[in-house]
Amino acid sequence: CDGARPLCGACAKRHEQTCEYPVREGAVSRYSDLKQTFEKLERENKRFRELFTCLRERPEHEAFEIFQRLRQAPDPLVTLQHIRDADILLTIPSISSMETCGKERMDIENLALAASPLRVPSRPWTLVAGDGLVSHLISSLFQWDYPFMIGFIDQELFLRDMRRGEGAYCSAFLVNAICAYRSLMSDKARLFRQRTATDLSSEFLLEAKRHWETDTRRESICAVQGLYLLFLISCCDGTNMAGSMYRFAAFNMLQRLNPDKAVPRLREAIIEEAERKTALSRLHWGIFLVENTICFAFLKPSSIVAPRYPWSERSSSPDEPNVDATGSPYGPGSPEPPRAAGVSQAGYELALLMHTVMTYNMHHKAPLGHHLDIQERRLHFTSLGAVERSFSLRLSYQHNPTPQTLFLKTFINMIAYSIVRPLHPSTEIQPNYPAKTILLELCAVDVHIVETYTRLWTLKEYSPMFLCSLWSVTLTLLSHFDDPRAPGLFTRACVPLRIIQKDLAAVSIVMQGMLAMAWKTKQKIPEEARPYFAGLEEKRKELGEGVPYEFSLPLPPAGQRVAGENGDEEDDELEDGAIGTDVAVLLQKWSAVTID
């Protein structure tokens, strides 16, 4: 039965006049009816288990009170709701404390709610904060990260189920993971920390982990999304070696969901299947996209291969207008920032090319710099130019500046760096167009991208994708300080890095890595840039015990490398053709050197 009304497809083929639907009123098909019944029973079972846990784990006097209420209540789940309401009341500051921390908290909650274009309830999803801060943090995800950096969550399905208080596309684990992630880059979270001495990101992260341990061990779309967000948090706070377990748990669970097999089988004509198809496809392609931006920092290919089916998102027309976070046309008075249509599909296309390039860098058959290697890189460079020219004008950051179009150009440049950077600076990719010239031009564009972003939106709220242009510029120019254009570009890229250091611990680690790489390659950080590294060199002794951060710093091409202290090319005896070194290893060596 395909669920068509008033006559299903099967009955129509048999030329029958009537069609019997032995399902509840409002259900589309037998399958959807069974699915809804199963989900209802599953939710009910979960609530009964929660009620049993209350009886078993509460203090004896509370457990006795619960038991008494159960004897009087017509429905035991009404008693459970009373318990939840009582717990929520306990988290609300008392009148006597409102003069201090409680009043500060309520002021920030009200301020956050007023500034939120998307209003969502905090309960039953989290007890860490109220509707104001939760609405602000959820809004900021869809304002600054969506759909490029966090394209693996479907906005419409997630918000619908969050507002309903239940559903397959929202969970307490996922909500707390989103809030923990966005609290790292939120002006309201910074204000909350200053006034109440409470780190919201840490509080939400603890709550997310608690839900992961107790509620959501079975595979689901929300579980994969939440796990991958925990990994992204670890990339931001400088602990991604430990956070990698969440990344691989997400990959494992995604593999068990098997979207390559499931997505093509899901039918558009059945509402529940169409929703799952959208959510699963966006999950799969979205993680593939962000993985192919992260791989730039690791200097190796994405850990997951490309989906084997086309993305299922609708294509957009070239003249489709920008929208805001609510999906309404963007105009005067709209919440910032604007969002361009078609960014996801363009990102997916670029992710496929990035995966090809990074795979080639790891497994190139010809020696690096050999004429066959250069020929292959020229083909990649030509393909990248063709893909960029195929995009409509609305996806150009110069024609239509939005965070997502800026990120799109950043990603295009990241692919270009990956193609060109391993080559000797004098190697010509095109006639009279050597690698060094290309790299310096890319750096100039990336600095312009960063300065355009900060001019339009400052850094009160931002996405970690903003860092990619900064990494591209600073890590590339470490090998080119001999060029008179390099010091100025490098310094301009260091300005926002110094600001973001306060939010993201990983930035300090990578900036220390730059100092260590300069030491390793006998380079000097330009004098005008040194104030932005203030205090980092003095802290290097703290790095001796190891850095829990995985990040690869690009090495100068082989022809540019300098001799180590023993006269050999680099004292760590890198393999021929190596294009990067691990930041943790480099920082440990640097920390062992006596400070002059």
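Please read these numbers as outputs of a predicted model, since none were measured by experiment. These values consider heavy atoms only, across backbone and side chains, with no hydrogens, waters or symmetry-generated copies.
- The nearest pair of heavy atoms linking Asp145 to Pro464 is OD1-CD, 3.6 Å.
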Should Arg256 and Val224 be marked as a side-chain contact (heavy atoms from CB on, under 4.5 Å) after you check the CA-CA gap, both sets of side-chain angles, and the distance that decides it? CA-CA 11 Å; Arg256 295 202 298 274; Val224 177; over 6 Å; no

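- Taking Phe298 as the reference, nothing meets the ring-ring contact (aromatic ring centres under 6.0 Å, His included) condition, with sequence neighbours excluded.
- Ser183 contributes a side-chain N or O that, together with a main-chain N or O of Cys179, makes up a donor-acceptor pair within less than 3.5 Å.
- With hydrogens and angles disregarded, a donor-acceptor distance shorter than 3.5 Å links the side chain of Gln404 to the backbone of Tyr146.
- Within a 6.0 Å sphere centred on CD of Glu156, other residues, nucleotides and ligands contribute 12 heavy atoms or fewer.
- In this structure, NZ in Lys502 is found 12.5 Å from CG in Leu504, a value given to the nearest 0.5 Å.
- Glu109 contributes a side-chain N or O that, together with a main-chain N or O of Gly130, makes up a donor-acceptor pair within less than 3.5 Å.
- Side-chain contact between Pro307 and Tyr348 is absent, with no heavy-atom pair separated by less than 4.5 Å.
- Judged as a side-chain hydrogen bond (donor to acceptor under 3.5 Å, both in side chains), and not counting sequence neighbours, the contacts of Thr239 are Asp237.
- Salt-bridge annotation for Glu213 and Arg210: absent, with no side-chain N of the basic residue lying under 4.0 Å from a carboxylate O of the acidic one.
- Look at Arg190 and Asp187 and you find no salt bridge, because none of the NZ, NE, NH1 or NH2 atoms lies under 4.0 Å from a carboxylate O.
- Counting heavy atoms from C-beta on, the side chains of Ile150 and Val290 never come closer than 4.5 Å.
- The minimum heavy-atom distance linking Phe173 with Ala208 is given by the pair CD1-O, 3.2 Å.
- Tyr181 has its side chain within reach of Leu232: a pair of non-hydrogen atoms, C-beta onward, lies under 4.5 Å apart.
- When all heavy atoms of Ala279 and Tyr169 are compared, the closest pair comes out as CB-CE2, 3.5 Å.
- Checking each of Phe148, Phe152, Trp311 against Trp285 for a ring pair (Phe, Tyr, Trp, His ring centres under 6.0 Å) leaves exactly one that passes, namely Trp311.
- Side-chain atoms of Phe158 and Val175, non-hydrogen and from C-beta on, do get closer than 4.5 Å to each other.
- Phe204 contributes atom CZ, which lies 13.0 Å from atom CZ of Arg182 (distance to the nearest 0.5 angstrom).
- Residues Phe551 and Asn240 have side chains not in contact (no heavy-atom distance under 4.5 Å, counting atoms from C-beta outward).
- In this structure, Asn292 contributes its side chain and Phe288 its backbone to a donor-acceptor pair below 3.5 Å.
- Residues Gly347 and Leu408 come closest through the heavy atom pair N-CD1, 3.9 Å.
- Atom CG of Leu467 is separated from atom OG1 of Thr410 by 10.5 Å, given to the nearest 0.5 angstrom.
- The structure places CG of Leu113 at 4.0 Å from CZ of Arg119, a figure rounded to the nearest 0.5 Å.
- Annotation: side chain of Leu283 is in contact with side chain of Leu257 (closest heavy-atom distance under 4.5 Å).
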Show your reasoning for whether side-chain contact (heavy atoms from CB on, under 4.5 Å) applies to Ile138 and Leu159. CA-CA 9 Å; Ile138 298 297; Leu159 291 176; 3.9 Å; yes

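- Formation of a donor-acceptor pair under 3.5 Å by the Asn110 side chain with backbone atoms of Met106 is found in this model.
- For the atom pair CG of Asp154 and CD1 of Ile221, the computed distance is 9.5 Å after rounding to the nearest 0.5 Å.
- Side-chain atoms of Arg339 come within 3.5 Å of backbone N or O of Phe142 as a donor-acceptor pair.
- In summary, the side chains of His136 and Ser186 do present a donor paired with an acceptor at a separation below 3.5 Å, with no hydrogens or angles considered.
- Ring-plane geometry between Phe251 and Phe248 is classed as perpendicular, the angle between the planes exceeding 60 degrees on a 0 to 90 degree scale with a lower cut at 30.
- Taking 4.0 Å as the cut-off between side-chain N and carboxylate O, Glu275 and Arg160 count as a salt-bridged pair.
- Residues Asn400 and Leu395 have side chains not in contact (no heavy-atom distance under 4.5 Å, counting atoms from C-beta outward).
- Side-chain N or O atoms of Arg123 include one that pairs as donor or acceptor with a backbone N or O of Thr126 at under 3.5 Å.
- Of the charged side-chain nitrogens involved, none lies within less than 4.0 Å of a carboxylate oxygen, so that Glu320 and Arg394 do not count as a salt-bridged pair.
- Within a 6.0 Å sphere centred on OH of Tyr532, other residues, nucleotides and ligands contribute 12 heavy atoms or fewer.
- Put simply, the side chain of Ser201 gets close to the backbone of Ala180: a donor and an acceptor are under 3.5 Å apart.
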Please lay out, stage by stage, how Leu229 and Ile153 fare under the test side-chain contact (heavy atoms from CB on, under 4.5 Å). CA-CA 11 Å; Leu229 279 164; Ile153 298 173; 4.2 Å; yes

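- Proximity of a side-chain donor or acceptor of Asp324 to a complementary backbone N or O of Ser328 within less than 3.5 Å is detected.
- Within the 4.5 Å cutoff, no side-chain heavy atoms of Ile499 are placed close to those of Tyr462.
- In terms of modelled atom types and a separation under 3.5 Å, the side chain of Ser234 and the main chain of Phe231 share a donor-acceptor contact.
- The nearest pair of heavy atoms linking Leu227 to Tyr246 is O-CB, 3.4 Å.
- Considering every non-hydrogen atom in both Ser344 and Pro147, the closest pair reads OG-CB, 3.3 Å.
- Here the straight-line distance linking atom CD of Gln225 with atom SG of Cys170 works out to 9.5 Å at 0.5 Å rounding.
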